[in-house]
Asker: 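Handing you a structure now.
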Amino acid sequence: MMKLLVIGSGGREHALVWKLAQSRHVTQMWCAPGNGGIGEERLARDSSLVECVKIGAEDLIGLLRFAKENRPDLTVVGPDNPLGLGIVDLFQREGLRIWGPNQKAAQFESSKAFAQKFMEKHGVPTARSGIFSDAAAARKFADSLGGRCAVKADGLALGKGVLICRSVTEANDAIQQILVQGAFGKAGATIVIQELLEGTEISLHALCDGQAAKLFPTSQDHKRALDGDQGPNTGGMGTYSPVPFLTAKQLAETGDKILGPWLKGCHTESIDFRGIIYPGIMLTKEGPKVLEFNARFGDPETQVYLTRLESDLVELLEASVDGTLSKMDLRWSDQSAVCVVMASGGYPGEYAKGKVISGLQEAGKLPNTKVFHAGTQRLSGQGSPYLTNGGRVLGVTAWAETLTKAREAAYAAVDKIKFDGAQCRRDIAAKALAHARTND
Ligand code: AMP
């Protein structure tokens, strides 16, 4: 019998709430602040509704007050910001049980300079790089790479703090913008410059308990706004899992190469990482290399992972908090899953909110399909229409025995849903299918 509090309001949190609600252990669930879809989820145990509470994910004091009053047995943190702000340490000091890395461990995501130094010190394969707070030294290093580099703000910058450069002029402009002009404020007072890596990019996730790390299957995000990986970078326009670029054996080897030295390094540095470690990886000719670390579930990777996860997520998160993960088995369905993000017109730039969304009921009736909400709201509860309320609006997810069928099912659901200005990519998972064709 457990009461859960989930923190966050995106598609990732809807997927977390949906999966956690299936656990027979859960008797009550809140989500702060949640979204239009989260408030419609029901617990498997007694069909009671998940309750959205109007407290922002970064309002640590408000969240603590709520938790002290309502005593959840476990708080589950979705987004990176509250982790970087130290919500886990704060809750633990008050004797509240919470899942996610503490502030020291969350530095893998909150400071790219920290992550880069750690990787180099402990032999985690990564790009050649330098860390700078002086523009002249940064320019000199970028010049030595022929300008082909990624210039990254050290701190959290809403996923926008990375500029990809292919010439010395572009690199100098990026250094000027981030370091000198402070385009990302304090987050860019230090920058990391990495050599530009070529290859296929994949996402890895592993659940950790301070000692052990349990690897998830592979998935791939689609970061650019437009088909064919064109247009500006976004929070992610779609995902699928598993990816065909790695066999199970290669995945295990990649996991060992990265998580082996990473776990050892955490031990040496007394970093007690309990949560999801999610390295972004480039599969290069010289092997896998880590581009960056995230210290939480990916969005929209979570949507495809959790539709494939067969194990009870509450039990897994409990084991992650308790340090008993090595006894647990992560069971995954053999099916493929595809998530297509439907976004507001103009995203990732400016966009309007408050557009009426139609077709959700019809799409929701399709088999093996789940429409996860991200930026949606419902003004007056049951029966009133859903309105758009953010850049990424929905994560339309479907699963099937083949990737081709999962993709068809996801787009069939997308085609039932309408709102003014809706945009989505039409090529989610297309690269995987092309790869499969050439390797047949
Ligand atoms: P990050 O937030 O560090 O993952 O960077 C955002 C995106 O920039 C990544 O998903 C990659 O597509 C790209 N990127 C980052 N670092 C590199 C690199 N060293 N070489 C090539 N592409 C990169």
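In each ligand, atom 1 is the first atom listed, and ligand 1 is the first ligand listed.
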Asker: Test of understanding: given a 4.0 Å heavy-atom threshold, classify the contact between Asp221 and ligand 1 as side chain, backbone, both, or neither.
Answerer: neither
Asker: Is there a donor-acceptor contact under 3.5 Å from the side chain of Asn35 to the main chain of Gly37?
Answerer: yes
Asker: Could you check Gln103 against Gln107 for side chain to side chain donor-acceptor pair (under 3.5 Å), going step by step and ending with a plain yes or no?
Answerer: CA-CA 7 Å; Gln103 198 169 23; Gln107 283 181 98; over 6 Å; no
Asker: Short list, please: which atoms of ligand 1 are under 4.0 Å from a heavy atom of Gln194?
Answerer: 16 (N), 17 (C), 18 (C), 19 (N)
Asker: Are a donor atom and an acceptor atom from the side chains of Tyr240 and Gln220 found within less than 3.5 Å of each other?
Answerer: yes
Asker: Could you find the nearest protein heavy atom to atom 3 (O) of ligand 1 and give me its residue, atom name and distance?
Answerer: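 Looking only at protein heavy atoms, the one closest to atom 3 (O) of ligand 1 is Lys152 NZ, 2.8 Å.
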Asker: Tell me, yes or no, whether the heavy-atom count around Glu350 atom CD, taken from other residues, nucleotides or ligands under 6.0 Å, exceeds 12.
Answerer: no
Asker: Which residue in the set Glu195, Gln116, Glu292 passes side chain to side chain donor-acceptor pair (under 3.5 Å) when paired with Thr126?
Answerer: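 That would be Gln116.
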Asker: From the options Met282, Lys112, Glu201, select the one whose nearest heavy atom is closest to atom 11 (C) of ligand 1.
Answerer: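 Of the listed residues, Glu201 has the closest heavy atom.
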Asker: With a 6.0 Å cut-off on ring centres, are Phe293 and Tyr278 close enough?
Answerer: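 No, the ring of Phe293 stays outside the 6.0 Å limit from the ring of Tyr278, centre to centre.
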Asker: Compute whether any side-chain donor of one residue and acceptor of the other, for Thr75 and Trp99, lie under 3.5 angstrom apart.
Answerer: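 Absent: no donor and acceptor within the cut-off.
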Asker: Which atoms of ligand 1 are found less than 4.0 Å from any heavy atom of Leu291?
Answerer: 11 (C), 16 (N), 17 (C), 18 (C), 19 (N)
Asker: Do you see a donor-acceptor pair shorter than 3.5 Å between the side chains of Ser129 and Glu120?
Answerer: yes
Asker: With respect to Lys223, determine whether any N or O atom, backbone or side chain, lies less than 3.5 Å from an N or O atom of ligand 1.
Answerer: no
Asker: Measure the distance from atom 23 (C) of ligand 1 to every protein heavy atom, then report the residue, atom name and distance (to 0.1 Å) of the closest one.
Answerer: Ile164 CD1, 3.6 Å
Asker: With nothing but distance in play, are any N or O atoms of Asn233 less than 3.5 Å from an N or O of ligand 1?
Answerer: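 No: no nitrogen or oxygen of Asn233 is under 3.5 Å from one in ligand 1.
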Asker: For atom 5 (O) of ligand 1, which candidate among Val162, Ile193, Ile281 provides the closest heavy atom?
Answerer: Val162
Asker: Take atom 7 (C) of ligand 1 and look for protein heavy atoms under 4.0 Å from it; say yes if you find one, no if not.
Answerer: no
Asker: Yes or no: does Lys289 have any heavy atom under 4.0 Å from an atom of ligand 1?
Answerer: no
Asker: Among protein heavy atoms, which lies nearest atom 2 (O) of ligand 1, and at what distance?
Answerer: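 Protein heavy atom with the smallest distance to atom 2 (O) of ligand 1: Glu292 OE1, 2.9 Å.
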Asker: Which word best sums up how the rings of His205 and Tyr305 line up, parallel for under 30°, tilted for 30 to 60°, or perpendicular for over 60°?
Answerer: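 Rings of His205 and Tyr305: perpendicular, as their planes differ by over 60°.
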Asker: Specify side chain, backbone, both or neither for Leu196, according to which of its non-hydrogen atoms lie closer than 4.0 Å to ligand 1.
Answerer: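 Both parts.
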Asker: Do any N/O atoms on Leu197 end up under 3.5 angstrom from N/O atoms on ligand 1?
Answerer: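 Yes; the residue has a nitrogen or oxygen that sits under 3.5 Å from a nitrogen or oxygen of the ligand.
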